[in-house]
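Remarks on the structure that follows.
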Number of protein chains: 2
Amino acid sequence: MSGSGRFVDGYLLYLLARASSVASAEFHQQVRAQGVSISVWRILASLKGTDQGLTVGELARSCLANQPAISKTVDKLVDQGLLERHADTEDRRRVWVRLTPAGEQRVDSLIARAMDHQARLLDALGPENADILKAALTQLIDRAP
Amino acid sequence: MSGSGRFVDGYLLYLLARASSVASAEFHQQVRAQGVSISVWRILASLKGTDQGLTVGELARSCLANQPAISKTVDKLVDQGLLERHADTEDRRRVWVRLTPAGEQRVDSLIARAMDHQARLLDALGPENADILKAALTQLIDRAP
DNA sequence: CGTTATTATATGAAAAGGAATATTTTATGG
DNA sequence: CCATAAAATATTCCTTTTCATATAATAACG
């Protein structure tokens with residue numbers, strides 16, 4: 001014997017990270033080609049479809065990022081006119097973040113590409129496999145320690 | 001109506017990223033508690049089980065990171081005595097990186113924790129679901145555009 | 001062979017990210 | 001109420017990553 005006895009090749013967390021990376025690679029390149037970083041894309045995408053927006057903390061969790069990073073990136077996007085902040089009237093610690101019309105426009109264009117890419121991905125995977133994958137991932141998210 | 005019409009909630013790449021993040025969170029905290037960053041953990045783990053080690057480029061791909069980042073982190077780990085570099089004799093552009101005995105020792109201790117965590121994760125998931133998940137992820141990796 | 005292209009790694013400056021903490025506001029408990 | 005604790009966001013400082021490019025070595029092609 002002497003086959004690839006690498007530890008990581010049998011390690012579930014590595015398989016997950018690799019799958020996420022491989023599946024996202026092509027689309028992420030498209031996003032960067034539009035001059036948008038992945039962190040910015042995640043912020044814009046997370047806000048799309050929310051009505052009042054999200055608080056900074058919610059946004060951080062949604063983006064799988066930490067709060068200070070989100071605060072700083074939101075700063076820049078506000079400067080660029082893509083987002084706006086407004087304080088919560090009941091709890092003045094909370095800060096809501098939402099898309100401006102310009103932000104909506106920007107994210108809509110990215111989402112169109114995302115849907116297109118996703119369609120190709122699901123197609124390559126086959127609908128039945130895609131459903132199985134989604135179910136398995138959802139279970140994992142719900143049941144992870 | 002007005003259900004959570006968020007775009008990301010139905011987006012496969014987001015589901016994948018979130019699953020990876022959620023599943024890894026607890027273990028990653030353990031790693032950091034050992035004074036080891038995730039990037040360092042990935043380098044050490046990637047090398048475990050290789051015989052001659054990996055080249056810098058292979059290591060970068062295995063760690064889902066880019067090459068300059070790996071070069072620099074390897075620098076530090078060499079300084080710390082956990083890794084060693086040696087040039088390829090046939091192609092002197094290539095640089096091999098492998099674990100020193102101290103590196104092996106360090107990674108073995110982390111891998112023990114990783115296996116323990118994985119056992120609990122698989123248990124929470126159920127063996128049959130785990131197998132389905134692995135198969136689905138492997139297909140995704142192989143078939144992604 | 002010599003010249004140009006390509007590949008592998010390293011380096012340097014700039015941007016992003018992370019850990020710790022400050023600040024402001026709300027909750028809690030005597 | 002007042003004091004203390006907890007929560008949400010911002011800020012600071014430092015590390016890490018990224019982007020571009022330099023350097024060195026091999027490959028390819030006339």
Side-chain angles (χ1 to χ4, degrees), chain A residues 17 21 24-25 28-44 46-47 50 52-80 82-98, chain B residues 17 20-21 24-25 28-44 46-47 52-80 82-98:
Chain A
S21 170
S24 305
H28 283 183
Q29 270 198 293
Q30 293 182 38
V31 173
R32 281 188 290 263
Q34 302 295 310
V36 176
S37 74
I38 301 311
S39 0
V40 166
W41 154 243
R42 283 185 173 167
I43 290 178
L44 299 179
S46 290
L47 290 169
T50 66
Q52 77 280 58
L54 295 175
T55 67
V56 171
E58 289 168 340
L59 200 46
R61 285 185 292 276
S62 176
C63 294
L64 315 171
N66 61 2
Q67 177 264 310
I70 296 298
S71 281
K72 292 169 205 170
T73 307
V74 166
D75 279 349
K76 283 186 287 193
L77 293 173
V78 168
D79 288 348
Q80 293 172 26
L82 300 179
L83 299 182
E84 58 190 11
R85 282 191 167 100
H86 59 104
D88 187 306
T89 49
E90 296 181 350
D91 183 343
R92 278 156 44 213
R93 293 172 299 185
R94 292 204 174 86
V95 173
W96 292 90
V97 180
R98 70 178 166 206
Chain B
S20 179
S21 171
S24 306
H28 283 183
Q29 270 197 292
Q30 294 183 38
V31 173
R32 280 188 292 262
Q34 301 296 310
V36 176
S37 73
I38 302 310
S39 0
V40 166
W41 154 244
R42 283 186 172 166
I43 289 178
L44 299 179
S46 290
L47 290 169
Q52 76 282 57
L54 295 176
T55 67
V56 170
E58 288 169 340
L59 200 47
R61 284 185 292 276
S62 177
C63 295
L64 314 172
N66 61 3
Q67 175 264 310
I70 296 299
S71 280
K72 289 166 196 170
T73 306
V74 166
D75 279 349
K76 282 185 289 192
L77 294 173
V78 168
D79 288 348
Q80 292 172 27
L82 300 179
L83 298 183
E84 57 190 12
R85 281 192 168 100
H86 58 103
D88 187 305
T89 48
E90 297 183 347
D91 183 342
R92 279 155 47 212
R93 292 171 301 183
R94 291 205 173 86
V95 172
W96 291 89
V97 179
R98 69 178 166 206

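Naming: A, B, ... by sequence-line order, numbering from 1 per chain. Computed from a prediction, not measured in an experiment: that's the story for all the values here.
In this structure, A:D91 places its CG atom 12 Å from P of D:dA7, rounding to the nearest Å. One interatomic measurement links the two molecules: CG of B:D88 to P of C:dA10, which rounds to 13 Å at whole-angstrom precision. Between B:H28 atom NE2 and C:dG18 atom P there is a gap of 13 Å when expressed in whole angstrom units. With rounding to whole Å, B:R92 atom CZ is found 12 Å from D:dA24 atom P. Rounded to a whole Å, the CG atom of B:L59 is 12 Å from the P atom of D:dT17. The distance between atom CG of A:N66 and atom C1' of D:dT9, rounded to the nearest whole Å, is 13 Å. To the nearest angstrom, P of D:dC19 lies 11 Å from CD of A:Q29. One can place CZ of A:R61 at 12 Å from C1' of D:dT9, the figure rounded to the nearest angstrom.
With the nearest nucleotide of DNA chain C identified for both B:D75 and A:K72, B:D75 has the one nearer the 5' end. Nearest-nucleotide assignment on DNA chain C puts the 5′-proximal partner with A:K76, out of A:K76 and A:T89.
Residue B:S71 places its side chain closer to C:dT9 than to any other of D:dA10, D:dT26, C:dT9. If you check C:dA10, D:dA25, C:dG17 against the side chain of B:R93, the one that comes closest is D:dA25. Across D:dA20, D:dT9, C:dT9, the shortest atom-to-atom separation from the side chain of B:P68 is found for D:dA20. Taking every side-chain heavy atom of B:S39 into account, D:dT16 is the closest of C:dA19, D:dT16, C:dT25.
In this model, the phosphate group of C:dT9 is approached by a side-chain N or O of B:T55 to a distance below 4.0 Å at OP1 or OP2. Contact between the side-chain N/O atoms of B:R32 and the OP1/OP2 oxygens of C:dG18 is not found at any separation under 4.0 Å.
Between B:D88 and B:W96, the closest heavy-atom pair is OD2-NE1, 3.0 Å.
Nucleic acid contact class of A:E90 (heavy atoms, under 4.0 Å, all strands): sugar-phosphate only. B:T73 comes within 4.0 angstrom of the backbone, heavy atoms only, and of no base.
Looking only at side-chain heavy atoms (C-beta outward), B:V74 and B:V56 stay at 4.5 Å or farther from each other.
The residue from B:I43, B:L47, B:V95 that alone fulfils the side-chain contact (heavy atoms from CB on, under 4.5 Å) condition with B:L54 is B:L47.
The backbone N or O of A:A17 lies less than 3.5 Å from no partner atom in the side chain of A:S21, so there is not a single donor-acceptor pair. Under the 3.5 Å distance criterion, the side-chain polar atoms of A:S62 are left unmatched by any main-chain donor or acceptor of A:E58.
In terms of polar N and O atoms assigned as donor or acceptor, the side chain of B:Q67 comes within less than 3.5 Å of the base of C:dA10 in a complementary pairing.
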